[in-house]
Amino acid sequence: MVHGTLYIVSAPSGAGKSSLIQALLKTQPLYDTQVSISHTTRPIRPGETHGEHYFFVSEAEFTRMIREECFLEYANVFGNYYGTSREAIEQILSTGVDVFLDIDWQGAQQIRERMPQARSIFVLPPSREELDRRLRGRGQDSEEVIARRMAQAVAEMSHYAEYDYLIVNDEFNTALMDLKTIIRAERLRLGRQKLRHDALITKLLAD
């Protein structure tokens with residue numbers, strides 16, 4: 001059975017990684033590619049569905065899962081816990097489906113330690129000026145907040161060299177094509193192709 005690949009995707013806010021992942025998923029059947037669904041202790045919001053947007057659990061349940069080492073990574077963000085279930089990821093990968101995980105560089109470091117076979121992709125904006133324009137384009141943040149987001153973005157971008165692949169999201173369709181190319185190349189790796197075409201290879205090499 002061909003195992004799927006776990007893809008870690010990181011980027012500073014405004015670089016467009018979530019838009020790229022969502023655009024990619026629209027071109028891929030569910031039996032090929034899925035996005036990871038995290039566990040969280042934050043309250044469910046209107047329009048959200050348990051098991052589709054997040055797995056909503058109590059803090060006691062989340063703490064139990066931490067003790068039992070159920071997470072590939074987890075973090076406390078503004079008083080709420082978020083985590084990636086090892087069991088859920090491994091179950092999907094075992095069916096041959098690729099899984100995409102939208103996560104920051106700190107979470108990526110945790111996952112690489114626990115699942116070194118994962119592939120990681122970092123998305124960069126084409127310039128600081130463009131990143132600033134995208135952050136301002138949301139039209140809901142003060143100058144102070146934008147300045148803080150820019151400083152945080154620079155700190156995040158300094159970790160790009162920890163990743164396997166680098167995409168510069170200047171023109172969206174080109175960046176999306178780059179993302180698809182990475183997946184295609186990974187699916188053509190020898191180990192994966194050998195499993196997929198084992199019967200063919202056996203016949204081709206038969207005496």
Side-chain angles (χ1 to χ4, degrees), residues 1-13 15 17-22 24-25 28-123 152 155-165 179 182-183 186-187 189 191-192 195-196:
M1 181 70 179
V2 178
H3 266 60
T5 299
L6 176 61
Y7 291 96
I8 304 164
V9 187
S10 304
S13 178
K17 74 177 184 302
S18 297
S19 297
L20 283 171
I21 293 172
Q22 291 306 314
L24 172 73
L25 292 176
Q28 304 283 316
L30 278 176
Y31 60 78
D32 266 353
T33 311
Q34 293 182 26
V35 67
S36 171
I37 301 172
S38 299
H39 284 66
T40 184
T41 59
R42 78 157 172 75
I44 190 169
R45 294 171 182 164
E48 291 182 329
T49 304
H50 177 78
E52 179 181 343
H53 298 91
Y54 286 97
F55 292 110
F56 296 95
V57 297
S58 66
E59 189 163 328
E61 173 68 5
F62 200 101
T63 303
R64 179 193 65 77
M65 293 178 73
I66 293 174
R67 286 199 308 269
E68 295 178 5
E69 299 183 348
C70 295
F71 294 114
L72 284 172
E73 61 78 35
Y74 70 91
N76 188 308
V77 182
F78 302 121
N80 294 308
Y81 282 105
Y82 295 83
T84 303
S85 164
R86 176 191 289 274
E87 182 180 4
I89 294 289
E90 290 181 342
Q91 185 175 10
I92 298 172
L93 294 176
S94 69
T95 65
V97 175
D98 292 333
V99 180
F100 273 77
L101 184 55
D102 180 344
I103 201 164
D104 67 13
W105 65 269
Q106 292 165 306
Q109 286 183 341
Q110 292 182 54
I111 290 176
R112 273 192 294 264
E113 289 176 5
R114 295 171 173 83
M115 198 173 276
Q117 69 272 31
R119 294 289 180 262
S120 54
I121 304 165
F122 201 92
V123 181
Q152 183 180 357
E156 290 172 349
M157 289 188 291
S158 69
H159 292 273
Y160 79 93
E162 299 170 12
Y163 290 71
D164 299 312
Y165 296 97
L179 186 56
I182 291 169
I183 299 169
E186 287 293 334
R187 289 176 179 172
R189 289 175 72 92
R192 204 160 172 177
L195 285 171
R196 181 177 287 114

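Predicted, not measured: the structure shown is a model, and the values here were computed from it.
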Could you tell me whether Arg112 sits above the aromatic face of Tyr163, with NZ or CZ closer than 6.0 angstrom to the six-membered ring centre and within 45 degrees of the axis?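 Verdict for Tyr163: a cation-pi partner in Arg112.
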Quick one, [X] and [Y] - any side-chain contact, counting heavy atoms below 4.5 Å?
X: Ser10; Y: Asp104; answer: no
X: Leu179; Y: Phe100; answer: yes
X: Leu93; Y: Met115; answer: yes
X: Val35; Y: Asp102; answer: no
X: Ile21; Y: Leu25; answer: yes
X: Arg187; Y: Asp32; answer: yes
X: Thr33; Y: Tyr7; answer: no
X: Pro12; Y: Trp105; answer: no

What pairs with His3 under ring pair (Phe, Tyr, Trp, His ring centres under 6.0 Å), at least two apart in sequence or on another chain? none
How far does [atom1] of [X] sit from [atom2] of [Y], to the nearest 0.5 angstrom?
X: Asn76; Y: Thr41; atom1: CG; atom2: OG1; answer: 7.0 Å
X: Phe55; Y: Met65; atom1: CZ; atom2: CE; answer: 9.5 Å
X: Ile66; Y: Glu61; atom1: CD1; atom2: CD; answer: 11.0 Å
X: Glu73; Y: Gln106; atom1: CD; atom2: CD; answer: 10.0 Å
X: Ile37; Y: Ile89; atom1: CD1; atom2: CD1; answer: 9.5 Å
X: Gln109; Y: His159; atom1: CD; atom2: NE2; answer: 6.5 Å

Exam field: side chain Asp164 to backbone Ser120, donor-acceptor pair closer than 3.5 Å: yes
Arg119 side chain to Gln117 main-chain N or O, any donor-acceptor pair under 3.5 Å? yes
Among Phe56, Tyr81, Tyr54, whose ring pair (Phe, Tyr, Trp, His ring centres under 6.0 Å) with Phe62 holds? Tyr81
Carboxylate-amine/guanidinium proximity below 4.0 Å for Arg42 and Glu48: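 Salt bridge present between Arg42 and Glu48.
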Looking only at the side chains, is there a donor atom on one of Arg192 and Thr5 sitting less than 3.5 Å from an acceptor on the other?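 Yes.
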Check: Glu87/Gln91 side-chain N/O donor and acceptor closer than 3.5 Å: no
What closest approach, in Å, do [X] and [Y] show between heavy atoms, and which atom pair accounts for it?
X: Val123; Y: Ala11; value: O-CB, 3.2 Å
X: Ser158; Y: Ala155; value: OG-O, 2.6 Å
X: Ser36; Y: Thr84; value: OG-CG2, 3.9 Å
X: Val2; Y: Arg196; value: CG2-N, 3.8 Å

If you count every heavy atom of other residues, nucleotides or ligands that lies below 6.0 Å from Tyr82 atom OH, does the total exceed 12? yes
For atom CZ of Arg114, is the number of surrounding heavy atoms from other residues, nucleotides or ligands below 6.0 Å larger than 12?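 Buried by this count: over 12 neighbours within 6.0 Å.
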Just do the side chain to side chain donor-acceptor pair (under 3.5 Å) check on Glu156 and Gln152 with the steps written out, would you? CA-CA 6 Å; Glu156 290 172 349; Gln152 183 180 357; 3.3 Å; yes
Among Gln110, His39, Arg86, whose side-chain contact (heavy atoms from CB on, under 4.5 Å) with Phe71 holds?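 Between Phe71 and the candidates, side-chain contact (heavy atoms from CB on, under 4.5 Å) is satisfied uniquely by His39.
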